[in-house]
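Data block below; observations after.
Below, read A as the first sequence line, B as the second, and so on, with proteins coming before strands; counting in each chain starts at 1.
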Amino acid sequence: MQDYYPFQEVEKKWLAEWEDSNLHKTGVDPEKENYYVLEMFPYPSGNLHMGHVRVYSIGDVIARYKRMKGYNVLHPMGWDSFGLPAENAAIKNGNIHPKEWTWDNIANMKKQMQALGLSYDWDREVTTAAEDYYKWTQWFFVQMFKNKLAYKKESTVNWCPSCETVLANEQVVNGACERCGTEVDQRDLEQWFFKITDYAERLLDDHQLLENWPEKVKIMQKNWIGRSEGARVTFQVPDLEKELEVFTTRPDTLFGATYMVLAPEHPYVAELTAGTEKEAEVAEFVKKARKQKEMERTSADSEKLGLFTGAYAVNPVNGEKIPIYIANYVLMSYGTGAIMAVPAHDQRDFDFARKYGIEIKAVIQPEDQEQELQGAEMETAYSGSGKLINSGKYNGLNVKEAFQAMTADFSEAGFVKVETNYRLRDWLISRQRYWGAPIPIVYCKKCGTVAVPEEELPVELPHDVEFSPTGESPLKKVESFVNTTCPHCGGPATRETDTMDTFVDSSWYFMRYADANNESSPFAKDKVDNWFPVDQYIGGIEHAILHLLYARFFTKVVHDMGMTDAIEPFTNWLAQGMVLKDGAKMSKSKGNVVDPKEILAQYGADTARLFILFAAPPEKDLEWSDQGVEGAERFLNRVWRFVTENLEIIKTAPAELNQAEFDQPAQKLYRTLHASIKKVTEDISERLNFNTAISAIMELTNEVYSYLNQRSKADTNQALIKEVAEKMILLLSPFAPFITEELWHILAYQNSIHTQQWPDFDPQALQKDELTIVIQINGKVRDKITVPADISEEEVKAKVMAAEKIKSYLAEGKLVKTIYIPGKLVNLVVK
RNA sequence: GCGAAAGUGGCGGAAUUGGCAGACGCGCUAGAUUUAGGAUCUAGUGGGUAAUCCCCGUGUGGGUUCGAGUCCCACCUUUCGCACCA
């Protein structure tokens, strides 16, 4: 037998055998519990990168471990296969159709995944760009349209000039396109939206169900949803004979409102100034503000600019006339697009009031200050708690009490309504692109906007289209697609030519896996609920808001439709870290890319997997190291040699392990074996810390080598060596599926190692009959003694006092205290 | 500015409940084996030191405790997220 692991032959052999025997088919044994482990499916860009290798290796360890633990395991894979790169490839090179490009890439990446030994059930493969999938994406759209959760409206939207399409708010990062980094414009367009805001409250509240989600992600989502409780207050504008509504979180400061501000886009702006001397000046200001980039305008440190409109509103609490301004710091997209300004207690209003010489009126007195707060003398706004002043009959109440009393009284009076506001906007799902699921809507002159009937789905994406180099969607020009008949009246009609955001596709794929080949519905309820929700989801933190929020929203919609019992899609979520090289994310431009293909060719799949799982815990970033890979290879060869070089011993070993005949070294090895089983089991199942699990197997390997080195073949405990060999490769099998399968068969077993039971540890084996007690003097380790495990406290203390070294320390002072931690340590306090 | 996480040998990392800091791996040193190299095996490897004694040591400074990498306070650095949301 070779003295190194011949990975090429072995991998080839087992890949074929596993496929033939359908080894990775999802288990459906009714006696077993179900477990659903899922990694985020990839965009089929063409090749796997190291980040993929990492996330899929992590998921594969969990899947394999759970199978061995006796679960039915659903571990599927698919392709998030609609999206721009396919279309860009077609535009760049007219010969390749996006479909062809995508399908080629899928075939290639699938092969790479298989080569890595990932145990997916490919019978459940899901491809979002395939008709049998997007048919159901469209079906969901139709249901949402019927339930008024999908609607069309004109609004100011984010436009990426490079991608030639609109973007959802979530896809704009620091004013730039999340995909390509181009700065986005604002455009007024009619677009389709999903009413995710209806679910804001539930998306927020149900975070409490996600106990094992990273706190960080919940906070990010919480900030994004941005719930704030306050009140809607109505001000009268006598000049216009109109009412002006504002949202405020501080109705308790109403007496301190000294001016109002409208967003430049506010519809009242033109009306208020029409025909006045301010008209031209205001129009000019509005134009300028609208041209200001979103980024600059919403940045906290950009200058607050404003202009008096010449009009006044009446403060309903005291009848005071207060001026109405327009200013760039008020946004049309939040609240009502208008605010009441309380400069004494809001820093933004304070800055603005100072700049434009507006009165600052204090209405909250800080508790720790005796002198009454004077607005004119304030240096900064005071936003803390305190007692009300200058507020009529509410004087003396604290902020909380005032909030209660005033909202109650003023609600009765009719100008205040308690209200909760959200920062979250509805999800803009239209995209002006070709390679996506067409929005199944028809426009009829007579019947208006009509959903395509379910039985006519899918609305197929026409194949023969021309890609314009400007990137404009080719669908508009395909007459056979655009022109259709109204499903309602049969008259001539036109189709919607926008396609759906690809995040719609990925918002329900995890349910489809449970019933991937269903032709009559997206999935049957019983099949979904058999597996769903996902027990363990794994993916990149970059989806903390986008995909994860949309998927949660969709799950709740599907739940409300009665199609699943689940209300949250992912019970546990692991955010895996990035793979770095030389301290930076791998990227072509930096030239620090390590190609998985080359690593696989040089070292094989097991070594690649083992290194990437060993080098760092899964949630941390991982620094790639070529030498580290060699270390992983070295370890696998050590395991290989241990088994193959001791085959004779193992094969002729007696079947029964007789602990009674263990000598000391054997006892020690046996204990290490069971300690390793315990450690590996807990590290995989409780902590997902594969790095320390692997190190425990390495320790076991070191221990068995040192045992074998100590003695001649004749007095080796054969049964023990056999036991160690078998358990060791069982422990290693989720990490390194090929070498362990080969060794398992070399040990003359017929069945696959991956269908074996996970080894249990024997708690008795971990019991030591001798313990090492650490002796400290004033907290510093000075000596150690070995004592029998069943020793009493008195006996330990006596032994400690008798220790030679300790005596000399005791001679130097007076013993004032003795602390004994059973089985571990004695600390003597000497003064 | 606000919020969160992190900071441990030459490097990646471990220490799970406040109880022997540095497991495991890389690298390095010495030796064995080899014609030689590679591979492999053995021993060593936080700093100071002749030393197995001793002293110092987990970003910095303080504190709590018999005992602190771990808990508390302040600060520094790095990373991430948020940043006129009324």
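An OP1 or OP2 oxygen of B/rG25 is reached within less than 4.0 angstrom by no side-chain nitrogen or oxygen of A/N691. At B/rC26, one or more side-chain N or O atoms of A/R634 fall inside 4.0 Å of OP1 or OP2 (strictly under the cut-off). Note on A/R641: a side-chain N or O is less than 4.0 Å away from OP1 or OP2 of B/rC41. Between B/rA15 and A/R687, a contact under 4.0 Å exists linking OP1 or OP2 to a side-chain N or O. Contact annotation: A/R638 does not reach the phosphate of B/rU40 (side-chain N/O to OP1 or OP2, under 4.0 Å).
A/F690 places its CZ atom 20 Å from the P atom of B/rG25, with the value rounded to the nearest Å. Rounding to whole angstrom units, CG of residue A/L546 and P of B/rG81 are separated by 12 Å. For A/N689 and B/rC24, the CG to C1' distance is 13 Å, given to the nearest whole Å.
Across all strands shown, nothing is found opposite B/rU70 as a Watson-Crick or G-U wobble partner with both distances under 3.5 Å. With a cut-off of 3.5 Å on both Watson-Crick or G-U wobble distances, the partner of B/rA83 is given as none. When both pairing distances are held under 3.5 Å, B/rC41 makes a Watson-Crick or G-U pair with B/rG31. Taking a pair to require two hydrogen-bonding distances under 3.5 Å in either a Watson-Crick or a G-U wobble arrangement, B/rU64 remains unpaired. With a cut-off of 3.5 Å on both Watson-Crick or G-U wobble distances, the partner of B/rU17 is given as none. Across every strand in view, B/rU49 sits unpaired, with no contact that passes the Watson-Crick or G-U test at under 3.5 angstrom. The partner of B/rU77, taking Watson-Crick or G-U wobble pairs whose two distances both stay under 3.5 Å, is B/rA6.
Annotation: B/rG25 and B/rU40 have their P atoms spaced 13 Å apart (nearest Å).
With distances taken from any side-chain atom of A/N827 to the nucleotides B/rA86, B/rG67, B/rC24, the minimum falls on B/rG67.
Taking 3.5 Å as the limit, the base of B/rC82 and the side chain of A/N223 contain no donor-acceptor pair of atoms between them. Evaluation of atom-type donor-acceptor distances gives no pair under 3.5 Å for the side chain of A/K817 against the base of B/rC66.
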Next item on the list: Let me have a per-nucleotide readout for nucleotides 3-12 of chain B, 5' to 3', with B, S or -, counting only protein heavy atoms under 4.0 Å.
Entry: ---------B

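Using a 4.0 Å heavy-atom cutoff across all strands shown, A/E699 reaches sugar-phosphate atoms only and no base atom.
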